[in-house]
**Q** 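Below is a structure I'd like to ask you about.
We count ligands from 1, going down the list as the structure has it; atoms in each ligand are counted the same way.
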Amino acid sequence: MADSENQKFCLQEVLDSFKSCLSPEKEIYIEHYVYGWRGLVKLLNSLGSLFGFISKDAVSKTQILMNFLKSENGPHYATVQSMVKFELDNKLVDVDKKGIYPESGCRTLLRLHRALRWLQLFLERLRTSKEDEKTSVMCRDAYNESLAQHHPWLIRKSAGVAFYSLPVRPAFFEVMNVGTHEQVVDVLGKAVPLLCEVYEITEELYQKHNLLDLP
Ligand SMILES: CCCCCCCC/C=C\CCCCCCCC(=O)N[C@@H](COP(=O)(O)O)[C@H](O)/C=C/CCCCCCCCCCCCC
């Protein structure tokens, strides 16, 4: 595991990464998008071994994208928009069924994009919840409304078991590392619309190119 994934989680840092990933022309910089996810993985790693399989998958997907960025084709992977154009123009995406490009940038980012919807729904629930509401229920409901539709039975069951071990809301707010609970709610109020914007831009782009069901 990279050192950065062992460091202390800070919600503000994650927010800053997702903020930096949007260009003035509303292009999405993959590097900052990946930093945002890596920041979130720090929190996941602090939640215990039941979340290990989720963390492993998130790390592997961010690593695939980073490897593209560092490759000789790196400049084509600067933004989600340029990646989509490059991979489609050069037929580097398995569009209908898995084939010779099982780890294309487009399908890898799609998995994180779907997870971003879960995150958005979960954070909005956290933000508007009352002190005694269960984080496991908020997380499960957000998951069922989003990612679960794309996961097989075994993953859904394992995720469900992990959710039960989530800390209670006040403890979760402490882990965010941004100060008082009012401050956490305030930062969440900024984070949710930002994640929503990044999500919508990607969703529209993928829809336009028929990429929303990549195998
Ligand atoms: C203020 C922050 C509070 C929230 C912090 C959340 C921290 C979450 C960090 C990372 C989220 C994990 C992202 C997971 C990406 C999953 C991508 C995916 O769908 N992968 C599946 C399909 O991939 P392929 O097989 O097609 O390559 C893969 O099969 C999935 C494997 C792992 C299971 C994913 C379950 C995701 C559950 C949602 C995350 C729950 C984390 C709860 C922490 C509060």
Side-chain angles (χ1 to χ4, degrees), residues 1 5 8-18 33-65 94 97-98 101-127 129 134-169 171-179 181 183-192 194-195 199 212-215:
M1 190 182 294
E5 280 133 32
K8 214 170 168 193
F9 173 78
C10 176
L11 178 59
Q12 186 61 52
E13 271 176 31
V14 171
L15 182 58
D16 290 344
S17 296
F18 280 107
Y33 189 89
V34 165
Y35 289 155
W37 278 109
R38 288 193 168 171
L40 290 165
V41 167
K42 285 186 206 167
L43 175 72
L44 208 51
N45 289 340
S46 72
L47 295 176
S49 57
L50 283 177
F51 291 88
F53 76 108
I54 305 178
S55 166
K56 218 172 142 191
D57 189 66
V59 169
S60 141
K61 289 189 166 47
T62 56
Q63 195 54 53
I64 292 171
L65 293 173
D94 292 333
K97 55 181 170 53
K98 275 196 180 170
Y101 301 110
E103 292 191 338
S104 66
C106 286
R107 70 90 67 188
T108 302
L109 192 121
L110 175 64
R111 271 48 182 181
L112 293 175
H113 167 66
R114 290 170 177 164
L116 196 65
R117 174 75 181 145
W118 159 79
L119 183 64
Q120 196 189 309
L121 295 171
F122 176 52
L123 295 189
E124 180 58 10
R125 280 176 165 81
L126 261 186
R127 188 183 75 81
S129 59
K134 287 196 162 107
T135 51
S136 57
V137 172
M138 294 179 231
C139 187
R140 184 202 62 201
D141 290 350
Y143 176 70
N144 287 341
E145 252 185 64
S146 55
L147 266 180
Q149 302 153 30
H150 304 283
H151 288 163
W153 183 86
L154 188 61
I155 296 277
R156 293 202 306 271
K157 284 290 151 200
S158 311
V161 171
F163 297 160
Y164 278 119
S165 73
L166 281 174
V168 293
R169 184 181 179 274
F172 211 91
F173 272 33
E174 291 306 313
V175 180
M176 306 275 189
N177 219 2
V178 278
H181 290 195
Q183 284 168 315
V184 174
V185 169
D186 192 47
V187 176
L188 288 176
K190 296 190 178 92
V192 174
L194 178 65
L195 297 178
Y199 178 86
L212 284 170
D213 294 311
L214 291 179

**Q** Does the side chain of R156 pick up a donor-acceptor pair with the side chain of Q149 at under 3.5 Å?
**A**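 There is no such pair (donor and acceptor under 3.5 Å, judged by atom type) between the side chains of R156 and Q149.
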**Q** Contact residues of ligand 1 with a heavy-atom cut-off of under 4.0 Å?
**A**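 F9, L11, W37, L40, L43, L44, L47, F51, F53, I54, D57, K61, R107, R111, A115, W118, L119, F122, L123, C139, Y143, L147, H151, I155, F163, L166, F172, M176.
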**Q** According to the salt bridge (Lys or Arg N to Asp or Glu O under 4.0 Å) rule, which pairs have a member within residues 108-123, sequence neighbours left out?
**A**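 The answer is none; no pair qualifies.
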**Q** Using the side-chain hydrogen bond (donor to acceptor under 3.5 Å, both in side chains) criterion, which residues pair with R107? Sequence neighbours excluded.
**A**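 None.
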**Q** Can you name the side-chain hydrogen bond (donor to acceptor under 3.5 Å, both in side chains) partners of Y164, sequence neighbours left out?
**A**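 Listed in chain order: nothing, the list is empty.
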**Q** Roughly how far apart are D186 CG and R127 CZ, rounded to 0.5 Å?
**A**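 D186 atom CG to R127 atom CZ measures 10.0 Å (nearest 0.5 Å).
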**Q** From the options L47, V41, L43, select the one residue that forms a side chain to side chain contact (heavy atoms under 4.5 Å, CB included) with N45.
**A**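 The side chain to side chain contact (heavy atoms under 4.5 Å, CB included) with N45 is passed solely by V41 among L47, V41, L43.
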